[in-house]
J.: 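Dropping a structure here in structure tokens format, bear with me for questions.
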There are 2 protein chains.
Amino acid sequence: MKIGDLARRTGLSTHTIRYYERIGLLPYASRASSQQREYDASILVWIEFLGRLKTTGMPIRDKLRYARLRERGPETQEDRRILLEEHRTRVRTHIAELQACLAVLDTKIAGYAGSDMVEKIDDAATERRKRAVREGLARPLRD
Amino acid sequence: MKIGDLARRTGLSTHTIRYYERIGLLPYASRASSQQREYDASILVWIEFLGRLKTTGMPIRDKLRYARLRERGPETQEDRRILLEEHRTRVRTHIAELQACLAVLDTKIAGYAGSDMVEKIDDAATERRKRAVREGLARPLRD
DNA sequence: TTACAAGTTCGAGCGCACTCTAAGTCAAGG
DNA sequence: CCTTGACTTAGAGTGCGCTCGAACTTGTAA
């Protein structure tokens with residue numbers, strides 16, 4: 001498989017694939033004939049997993065740590081497990097936060113539906129700013 | 001309340017507060033005496049809400065759209081509701097993705113605990129890269 | 001009243017994760 | 001052979017969301 005095929009299959013751009021190789025997230029691909037990278041299907045599994053880590057917000061720095069451990073082979077299993085468990089904890093925490101925010105969002109939206117107090121509270125500050133604009137203290141908002 | 005107090009109460013830096021005002025996320029604060037910004041407690045509600053939007057991944061561009069509607073007062077309620085509902089949908093989708101990834105993570109971690117096939121699949125590509133490094137085709141990973 | 005902490009503006013700089021450009025090489029179909 | 005499109009490298013550029021620095025003014029407690 002050449003880089004273009006891999007790009008099509010993974011949804012990454014060829015630029016991104018080369019970038020990932022450069023920084024060490026992807027293993028150095030064998031250059032089959034001439035200079036061109038040749039991939040076998042096993043890389044898809046790793047890229048998919050990288051995608052999961054990305055979706056869950058792991059920074060490249062940490063993915064790199066994981067990738068380096070993976071490079072070093074089976075004796076790093078324990079370290080990798082720990083890394084993943086720490087990440088899992090952060091993801092769980094983040095999901096909980098999101099759910100809390102979602103609840104607030106629901107309340108807010110419900111407030112808009114029934115047009116109640118929420119509006120009045122919200123617009124108090126707005127009125128102060130409008131006054132400032134009238135008085136030339138504030139510029140109208142740009143774009 | 002002065003900017004430093006507000007910073008302490010919200011966890012934002014004074015730099016960030018001024019930045020938010022500059023781009024229009026925060027209303028232009030009245031300069032009580034001289035040049036210095038004076039805030040009243042109502043701003044805390046807005047900043048907290050901005051924090052929720054941030055936590056849920058809303059880009060500044062969209063927070064700005066919301067803020068501009070808010071500026072324009074009560075007649076924009078409907079637009080604001082729509083904006084928030086769209087955002088809510090995206091957040092829900094994102095939570096679902098995270099949960100799916102979490103399941104994969106769990107499987108992976110379980111695999112490390114029991115050291116099974118997972119390892120062997122994972123390390124196949126690693127071996128290819130090691131070979132490349134030995135042959136001087138790839139640099140060892142930096143940092 | 002003097003010291004110094006906290007405020008001001010403007011603009012530059014930073015970290016992240018790509019994304020793109022330029023200038024060139026290579027491979028496969030007609 | 002020739003064209004065309006995919007590939008190569010090194011390095012510069014982008015967009016986001018802050019973050020910081022410089023140079024200066026203002027507020028407050030001893």
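Given the structure is predicted, the values throughout are model-derived calculations rather than measurements. So you know, we letter chains A, B, ... as the sequences are listed, proteins then strands, and number each from 1. Hydrogens, waters and symmetry mates are skipped; everything else that's a heavy atom, side chains included, is used.
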J.: Atom CG of Asp5(B) to atom C1' of dT28(D): distance rounded to whole Å?
T.: 14 Å

J.: Can you check the Ile23(B) CD1 to dG11(C) C1' distance for me, whole Å?
T.: 16 Å

J.: Roughly, in whole Å, what's the span from CG in Leu6(B) to P in dT8(C)?
T.: 11 Å

J.: With sequence neighbours excluded, tell me which residues meet salt bridge (Lys or Arg N to Asp or Glu O under 4.0 Å) with Arg81(B).
T.: Glu78(B), Glu85(B)

J.: Sequence neighbours left out, what passes side-chain contact (heavy atoms from CB on, under 4.5 Å) with Thr14(B)? Give chain and number order.
T.: Ile3(B), Ala7(B), Arg18(B)

J.: For Asp5(B), check side-chain contact (heavy atoms from CB on, under 4.5 Å) against everything at least two apart and list the hits.
T.: Met1(B), Lys2(B), Arg8(B)

J.: Measure the distance from CZ on Arg31(A) to P on dC7(D) and round it to the nearest whole Å.
T.: 13 Å

J.: Roughly how bent is the helix from dT1(C)-dA30(D) to dG30(C)-dC1(D) end to end, in steps of 10 degrees, with each end axis from five pairs?
T.: 10°

J.: If the cut-off is 4.0 Å, is Arg37(A) near the phosphate of dT9(D), judged by side-chain N/O to OP1 or OP2?
T.: yes

J.: Return the value, rounded to whole Å, for the distance between atom CD of Glu38(A) and atom C1' of dA6(D).
T.: 14 Å

J.: Which residues pass the ring-ring contact (aromatic ring centres under 6.0 Å, His included) test with Tyr20(A), sequence neighbours left out?
T.: none

J.: When rounded to the nearest 0.5 angstrom, what is the spacing between CD1 in Ile17(B) and CD1 in Ile47(B)?
T.: 5.5 Å

J.: Using a 4.0 Å heavy-atom cut-off to protein, can you give one letter per nucleotide of nucleotides 17-30 of chain C, 5' to 3': B if the base is in contact, S if only the sugar-phosphate is, - if neither?
T.: BBBBB----SS---

J.: What is the distance, to the nearest angstrom, from the CZ atom on Arg8(B) to the C1' atom on dG7(C)?
T.: 12 Å

J.: Determine: side-chain N/O of Arg18(A) to OP1/OP2 of dA6(D), distance under 4.0 Å, yes or no.
T.: no

J.: Write out all pairs satisfying side chain to side chain donor-acceptor pair (under 3.5 Å) with one or both partners inside residues 90-99 of chain A, taking only residues at least two apart or from two chains.
T.: none

J.: Sequence neighbours excluded, which residues qualify as ring-ring contact (aromatic ring centres under 6.0 Å, His included) partners of Tyr39(B)?
T.: none

J.: Enter the distance from Leu98(B):CG to Thr56(A):OG1 here, rounded to the nearest 0.5 Å.
T.: 7.0 Å

J.: Could you list the residues that satisfy side-chain contact (heavy atoms from CB on, under 4.5 Å) with Ala100(A), not counting sequence neighbours?
T.: none

